[in-house]
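The next block holds one structure in the form of structure tokens; read it before the comments.
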Amino acid sequence: KLAPGQYFSWLKVYDEARPENMGALVKVPITVIIPDNGRSQLLGDTASFTNVEFGPGTVVRKFLQVPDGASWMDYKIVVPKESKSVYADRFFYVHCLQMSKLGSYAKDEYKTRAYLANEAGEEIIRSVAVKNGTIEVCVAQFWKSEGTGPVDLQVRFRGIEASPSEATMMAQNGSVAKVVLNSKIRSTRISPSGKLKFWHQGLRPEVSLTKLYTLRSGYRDEILPFRLGSSYIRRPIWNLELQYKFKQLEAGQVKPNLPNINDLLYESPLDSQMCMLYDENKQLIACTDAWPSSISIAKGNYVMRVCLRHENEEVLSNLKQTILIISRPLGDPISISFHKTLSGTIDGSNSFAPCFLDQGTERAVYLKVDPSKLPKGAMAGDTFTGSVTYCSRGSREKGWGGDGRPNGYPVSFVLPVKRENTSRQKLKVQVEEQTEDSKSKVIKTYVVPSIKSRIAVWKSVNLKHKDMFEQETKEILNLIEKYQDSNVEEIGDLKMDLLRIFIDWAVAEHQNSPNADTVSVVEAACNRLLDSIPDGILDKNPIAKVDFDDAEEKTKPEKDFLKHKSNLLKALAVKVLVKLGIKGEMDATIETDLQTIAKFSVASDPLINQIKMERFDKLQNYASSLVYLNKLLKEESGKLSSLAFSLDKKELFQRRLLCLERLGWEHIIEVEKTWIKKRYPQRFEIF
């Protein structure tokens, strides 16, 4: 019988006729691991090794058989209380390894460094995720760490068996995941908890921008030729360029990933790969390769260009539809709810309360995510990932490790396609059959979401189909006016939103073909929004000049004031800018509107700067126009795009160059031209 430990030998095969001259024909390595039987009889899941001597450079290896059903283990390194040895504080390295067939060595490895103080009873406690099989626990004292003395090594296996180990909530299972828990080691306290922490968005390449071509011939851009007979065969390198577009709704981190292509070194079938991230102005933001890292970016539109190279054209042709995954960490992780029964996921009842799961018994737990908590911009098919833990320490586990498996169990949620709750006909019947007392609740539940969805569709077609836009506008307004007297605040807000969008449409029509007719359409749209503002509501508020950034902390009258003030400024600003664009001079109506705008805004407001810039430009006072143009360039792009007449920074820089040319400031013009080329490159960088 072999003692616990590791053993190695060779099985060698010789030619019987010539065993000495030929040497071994075949050599087969044989490794034998005998797990240590150091577990106590009282608790079959604990292994103890007492008074193990350590000194500088001492290495102790233990091989332990993981019991069936264990999901993690806690290990302790303890200074014996009865020890009388005197030694210095020491550093220990701990290395744990489990091998799995066809698995990655790095994913099955755990290593850390720990500090052990020179006091009796001091201990180091860590937790390591495990699976069925044999695990090696290697403890070593750092070679430069002085002092010698004994320590106690203890290992306790804990956890439960979860089936499936990776829970997925998707449409085919009703966006609910069922997990069966089985406690095979001992009675375990069940207290599930978990969160979704990452958002993964899949992107397809822009087909029209995909390119597949060979690099130029030459020693640098081709594989070394080989000789075949009297001639040399050249092997050109093929290059595949893919381009992806995505929108970042707020500043944060993103991590691009090409599944099945990234994170491969020697196993990679490709010669090379590179990803280059650009903003909407073709400015290079960052570069990544086969091992992508997180990139911090601001709000805006971005382009990701991917370059893949191989000597075989057919290999790259099969990669033309490669999916790019954009991963983002969630600023506010999404909590997962746990229920005892499937019906509890429907009505929110039967929440899973902490309980004990006896050894050898099973229990089901149902996982669900509230889609309303998902971040803005999430679309059907997006995946959210995180982790869950199912058990926590009981009274017998006090002083042992953490409350769950390290890093938990993986969990994911796939966002399904959104469907309308009710049809329009069903909506009409539901509302008409209600009493006056319950009408407001029904309108909030059914009418408001229905109108919002129609407005969302209406916004997408309003600039393409004029007749359809006008007809849909009339229908939505009639629907809103039908429920205008229901005392539901959201109905009035929807009408305001509709009228603001109507102004945007009229402005777009005017910009396409500026003439007297389109000016009258814009003025009519603005007047309609002004007429919707209740009389006297802006005169009653004594804090009209205060610019509120955080409206959530204000009272309802103050919120109403801010809302109507915004509508007033938008309508008046559009009227003034349209008139200035046609007439180019001031009249009595424009002066009156400007005074009203100044009354309800501050001097640094971008809206005021925009109007003054346009006014001085029409008066050919280019120096004054340049002053306000420079103020606008200091604003964020989001603020400029939300103005009455949306502004683009690139156009503003071009306009500043035009102002400088009109003023004849030659010494600044050349510098400005150079900076425009740097800010807005004409083409992407080459790979």
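- Under the 30°/60° scheme for interplanar angles, the aromatic rings of Y110 and Y75 are found to stand perpendicular.
- Remark: the backbone N or O of T58 is not paired with any side-chain donor or acceptor of E53 at under 3.5 angstrom.
- Within the 3.5 Å criterion, the main-chain N or O of I325 finds no donor-acceptor partner in the side chain of H200.
- At least one donor-acceptor pair under 3.5 Å links the side chain of S337 to the backbone N or O of K368.
- Remark: the S193 side chain and the T389 side chain contain an N/O donor-acceptor pair separated by less than 3.5 Å.
- The two residues I336 and K195 have their closest heavy-atom pair at CD1-N, 4.1 Å.
- A side-chain N or O of D74 and one of W72 form a donor-acceptor pair less than 3.5 Å apart.
- The side chain to side chain donor-acceptor pair (under 3.5 Å) search around E241 returns Y213, R305, not counting sequence neighbours.
- N173 contributes no side-chain N or O that, together with a main-chain N or O of M169, makes up a donor-acceptor pair within less than 3.5 Å.
- Side chains of H95 and E136: no donor on one and acceptor on the other come within 3.5 Å.
- For D108 and K131, the salt-bridge test passes: some basic side-chain N is under 4.0 Å from an acidic carboxylate O.
- Screening Y93, F92, Y115 against F142 for a ring-ring contact (aromatic ring centres under 6.0 Å, His included) leaves a single residue, Y93.
- Side-chain atoms of S145 come within 3.5 Å of backbone atoms of F91 as a donor-acceptor pair (strictly under, hydrogens ignored).
- Ring orientation note: the planes of W199 and F384 are close to parallel, at an angle under 30° on the 30°/60° scale.
- Atoms OG1 and CZ, from T148 and F54 in turn, are 12.0 Å apart once rounded to the nearest 0.5 Å.
- Under a 3.5 Å cut-off, the side chain of S165 and the backbone N or O of A162 do not form any donor-acceptor pair.
- Residues N407 and S387 come closest through the heavy atom pair O-CB, 3.3 Å.
- Nearest heavy atoms, N312 versus E314: OD1-N, 3.0 Å.
- Under a 3.5 Å cut-off, the side chain of T210 and the backbone N or O of E206 do form a donor-acceptor pair.
- Residue pairs meeting the side chain to side chain donor-acceptor pair (under 3.5 Å) criterion with at least one partner in residues 256-271, sequence neighbours excluded, are N262-Q273.
- Every side chain to side chain contact (heavy atoms under 4.5 Å, CB included) that A364 has, sequence neighbours left out, goes to K178, Y366.
- Proximity of a side-chain donor or acceptor of T341 to a complementary backbone N or O of H339 within less than 3.5 Å is not detected.
- D152 places a side-chain N or O within 3.5 Å of a backbone atom of N51 that can act as its donor or acceptor partner.
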Please determine whether side chain to side chain contact (heavy atoms under 4.5 Å, CB included) holds for the pair V179 and Y409, giving the CA-CA distance in whole Å, both sets of side-chain angles, and the decisive distance to 0.1 Å. CA-CA 11 Å; V179 178; Y409 292 88; over 6 Å; no

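- Side-chain contact, Q359 with S187: no donor N or O sits under 3.5 Å from an acceptor N or O.
- Taken from CD in E362 to CG in N182, the straight-line distance is 4.5 Å, to the nearest 0.5 Å.
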